[in-house]
Amino acid sequence: FGVEQEANQPLLLRSALQVNPDGSLRMHTELPVGRNAHLMIGSASNCLQAAEQAASLALQGLNGTRPVLGLVLVDTAWRSLLEARAGDEIQAVQRVLGDEIPLTGGYVFGQLARSGIPEPGKGAPELFNQSLEVILFGESE
């Protein structure tokens, strides 16, 4: 679901974990009361493109340092979306990083981070979900 926030802010994305027998939803996290929520449709191909982009950005962030280990945190919403294509998100990351860099990680229910709005590293921590995060550990050569 895409939950409306204040004016000029992007939709807040939230997932349903399951539909209960009575038709109610068990949610990934709470939804703000009184806000409009829009049904969102995910795209497996867009997710795989995003995985490749995340791996590329992680490599750029090393600034030439040799990567020795990758940590891949994948939101459980991706697991549901890619269920018929299990492991494709890891293959997308490895297409960018190569097979010589070992990867570890798992499925998560989101990450806590500071959005950096309006100033990077400032502000209250927020829950981000519907995402994939690639963290690379490197060593100087």
Side-chain angles (χ1 to χ4, degrees), residues 1-140:
F1 292 94
V3 181
E4 291 180 3
Q5 299 188 82
E6 297 174 20
N8 299 324
Q9 289 193 351
L11 295 175
L12 181 65
L13 298 176
R14 294 294 181 247
S15 296
L17 293 174
Q18 70 184 37
V19 178
N20 296 322
D22 66 359
S24 64
L25 299 174
R26 181 170 181 199
M27 296 301 294
H28 191 264
T29 187
E30 70 181 359
L31 293 176
V33 175
R35 297 279 170 92
N36 290 328
H38 303 268
L39 183 60
M40 306 295 285
I41 297 174
S43 164
S45 61
N46 285 351
C47 286
L48 298 176
Q49 262 185 321
E52 290 178 352
Q53 183 181 13
S56 281
L57 290 171
L59 269 177
Q60 289 173 18
L62 286 178
N63 296 322
T65 302
R66 186 173 69 86
V68 294
L69 176 68
L71 174 63
V72 182
L73 303 174
V74 183
D75 193 273
T76 58
W78 282 45
R79 186 179 77 187
S80 298
L81 184 64
L82 298 170
E83 193 166 2
R85 303 170 70 171
D88 278 8
E89 68 274 28
I90 300 304
Q91 290 174 8
V93 169
Q94 285 193 310
R95 273 194 296 278
V96 174
L97 301 180
D99 293 330
E100 63 279 356
I101 301 170
L103 298 176
T104 188
Y107 292 106
V108 298
F109 289 112
Q111 298 89 31
L112 290 175
R114 297 180 195 281
S115 68
I117 300 171
E119 188 178 338
K122 304 289 183 189
E126 297 177 54
L127 173 67
F128 292 92
N129 62 354
Q130 322 298 327
S131 61
L132 174 138
E133 186 169 1
V134 178
I135 301 166
L136 292 178
F137 299 91
E139 68 179 6
S140 300

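As a basis for the values below, the full set of heavy atoms in this structure was taken, side chains included, without hydrogen atoms, waters or symmetry mates.
- Scored by the side chain to side chain contact (heavy atoms under 4.5 Å, CB included) test, Glu4 finds Leu11, Asn36, His38 as partners (sequence neighbours excluded).
- Val93 and Val72 get closest at one heavy-atom pair: CG1-CG2, 4.3 Å.
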Donor-acceptor pairs are to be reported for all side-chain atoms of residues 19-27 against protein atoms at under 3.5 Å, with residues two or more places apart or in another chain.
residue, atom, partner, partner atom, Å
Asn20, OD1, Gln18, NE2, 2.8
Asn20, ND2, Ser24, OG, 3.0
Asp22, OD1, Ser24, N, 2.9
Asp22, OD1, Ser24, OG, 2.6

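- Judged as a side chain to side chain contact (heavy atoms under 4.5 Å, CB included), and not counting sequence neighbours, the contacts of Asp99 are Gln94.
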Taking only distance into account, with no hydrogens and no angle test, what donor-acceptor pairs under 3.5 Å do side-chain atoms of residues 50-67 form with protein atoms, sequence neighbours excluded?
residue, atom, partner, partner atom, Å
Glu52, OE2, Arg95, NE, 2.8
Glu52, OE2, Arg95, NH2, 2.9
Ser56, OG, Glu52, O, 3.4
Thr65, OG1, Leu62, O, 3.0
Arg66, NH2, Glu139, OE2, 2.0

> Leu136 and Leu97: side-chain contact (heavy atoms from CB on, under 4.5 Å), yes or no, with the steps?
Replying inline: CA-CA 10 Å; Leu136 292 178; Leu97 301 180; 3.8 Å; yes

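- The salt bridge (Lys or Arg N to Asp or Glu O under 4.0 Å) analysis of residues 34-45, with sequence neighbours excluded, yields no pairs.
- Applying the side chain to side chain contact (heavy atoms under 4.5 Å, CB included) rule to Thr104 yields the partners Leu69, Leu71; only residues at least two apart in sequence or on another chain are considered.
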